[in-house]
Amino acid sequence: MDTARFIRQSANVWEIAPHGAMRVPAIIFASEALLRDMDDKVVEQISNVAMLPGIVKAAYAMPDAHWGYGFPIGGVAAFDPEEGGVVSAGGVGFDISCGVRLLRTGLREADLHGRQRALAAALFHDIPAGVGSHGALRLTPSEMDHMLTDGARWAVARGYGTPMDLLHTEEYGRMADADPHQVSEAAKQRQRDEMGTLGSGNHYLEVQKVSQILDANIAAAYGLHEDDIVISIHCGSRGLGHQIGTEFLREMVVAAPQHKIALPDRELACAPIDSALGQRYLGAMRAAINCALANRQILTDTTRTVFAKLLPAARLSVLYDVSHNTCKVEQHEIDGRKRKLYVHRKGATRAFGPDHPAIPEDLRPYGQPVLIGGSMGTASYVLAGTPQSMGLAFGSACHGAGRSMSRTQALKQFGGRHIVDELEQRGILIRSPSLRGVAEEAPDAYKDVTAVVAAADQAGLAHIVARLEPKICIKG
DNA sequence: ATGTGC
C-alpha cells in the first residue's frame, strides 16, 4: 500500500480524510511497515464503510486488517440509531462471536515433561475438530432455545463448568436480548449436534507456556507468571452463526432499496437499526453470540476432563473469554456527549480500559484482558485495555496476526506434512484432522503477530502484558 | 468462517 495516500496522525495512526460519499474519515492503526504490506483493499473497504448512514467519528482498521467480505477483517465501526445508523451482517462476519478463551492451569512447563505426547493424543481424541465435526450432545428444539437465550450460563446449568467460569466471561456468559425466534430452523438444524466442537479454518485449542511477562503488575493480577502452562480456545458459533450471517446478508441486500440505502458495495448490505429487519438480525446475532459462549464453555469442560485424567494436579480456571466478531450496544462519549452506539467489531477485540463496569470486578482496576491468538506455531499475546483505548476506536484492538496470503495461495506454497514435522522439531505438537487445513494455516501465510501487537500497543489501543508460546495445538 | 464450490 502506498503510504503517501495518508495523513500521518502519529507514528501508528494513518488517516484518509473524508472525500466523495465518505461521511467520516477512515483511520488505520499500523506501523509504517505493516501499512506498507497491507492489502490495498483495506483502504477501499473502510472508505466504503465510512459512507454508511449514521456512522460516528470514523471507520477504523486494526494493525492486523486484511480484505474481508464487505468490511475488512480487523474493522471497527459504530453507528448511532438516532442518526439513521445501520446494522450490517457483513460488519459482524460469518463466524458470529468467534473469540478466544484463556484458561490458567496452575501447572508449570516442567509438569508437562514426558506427558506432552499423551496430552496431545488425548486432547485430539476428545476435542471434536474439523469441518462438520459433531459433539457428544444433541439438542432438542427446546434445549436449543434455552442455549440461544442463556449462552454459557445454560452450559453451566447443564453441568459444563462452574459459575466461576461465567464471572470471567464477556457478558458474564449470557448475551442479553437474544431472540431464538429470529434464528431459522435451518440454522438450528445445522447446530443441533455441533455444540462443544472446534470447527475448522483458523480455529484451534492450544496448550501454551507463558514465555515472557511484559507487565509484571498486570500479569500478576491476571494470574500469569513466566513458565506457567495456559490453554487458549479459539472458536465461534459454528454452523449456526454462519447460517444466520448468510440468510440475513441476502435479506439485507434485497431490502436496501426499500430502506433507501445506497450501497457503495453490495457486500456492505445493512439495515437501519430501527427497522424490523435490523432488529430481527440483532436478535438472531445475539443468539449466535450465546451459541459461541456456550460452545467455548463446553470445550472448557471437555478440556478439564482430559486434564483430570492425565495431569490431575491441574486446576483449570478462566482468565477471560472475549469475542472479536460482534455488534454490541455500548455507551461512548463523543465530544463530551454520551451516546448509545452500535459498535461493529469484525476481527477486532473489545479492549475496555480500567474501571469500566463491563469488566469483572477483580480485574477491573487493570483493564480488560485482550486475548490475541497468533497463527499456528507462533506466539499469542495477552494485552490489557488502556485508559485511552475508549477514545481511539471505541475500546477495540486487533484480534490476531491477520492473514497476509489467501488460503489458495497458501495451499500452492506450503505442505501440511512439512509444517507439522518442522514444528515438531521445535517441540510444538500439531494434531489436526486435515493436512490441507494445516497448509492453509501455515505460519508464513500470516503477518508477524509480534509486529501487530507492538503496533496496537504503540498506538495506545491496548497494552502488552504477556507473550505465550505453543506446546500443543489441536487444529480444526 | 462454512454440511468449504460456478
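Taken residue by residue, residues 237-249 of chain A places heavy atoms nearer than 4.0 Å to DNA chain B at Arg238(A), Gly239(A), His242(A).
In terms of heavy-atom proximity, Phe29(A) sits nearest to Leu392(A) at CZ-O, 3.8 Å.
A side-chain donor from one of Asp64(A) and His399(A) sits under 3.5 Å from a side-chain acceptor of the other. Side-chain contact, Ser323(A) with Arg296(A): a donor N or O sits under 3.5 Å from an acceptor N or O.
Residues in residues 236-246 of chain A take part in these side-chain hydrogen bond (donor to acceptor under 3.5 Å, both in side chains) pairs, two or more places apart or across chains: Ser133(A)-Arg238(A), Arg190(A)-Gln243(A), Thr197(A)-Arg238(A), Gln243(A)-Glu247(A).
One interatomic measurement links the two molecules: CG of Leu198(A) to P of dT2(B), which rounds to 9 Å at whole-angstrom precision. His134(A) has its NE2 atom 13 Å from the C1' atom of dT2(B), to the nearest Å.
Within the 4.5 Å cutoff, no side-chain heavy atoms of Ser275(A) are placed close to those of Val86(A).
Between His344(A) and Phe71(A), the ring-plane angle classifies as parallel under the 30° and 60° cut-offs.
Among the atoms of the strands shown, none is found under 4.0 Å from any heavy atom of Gly93(A). Glu440(A) comes within contact range of no nucleotide atom at all, as no heavy-atom separation falls under 4.0 Å.
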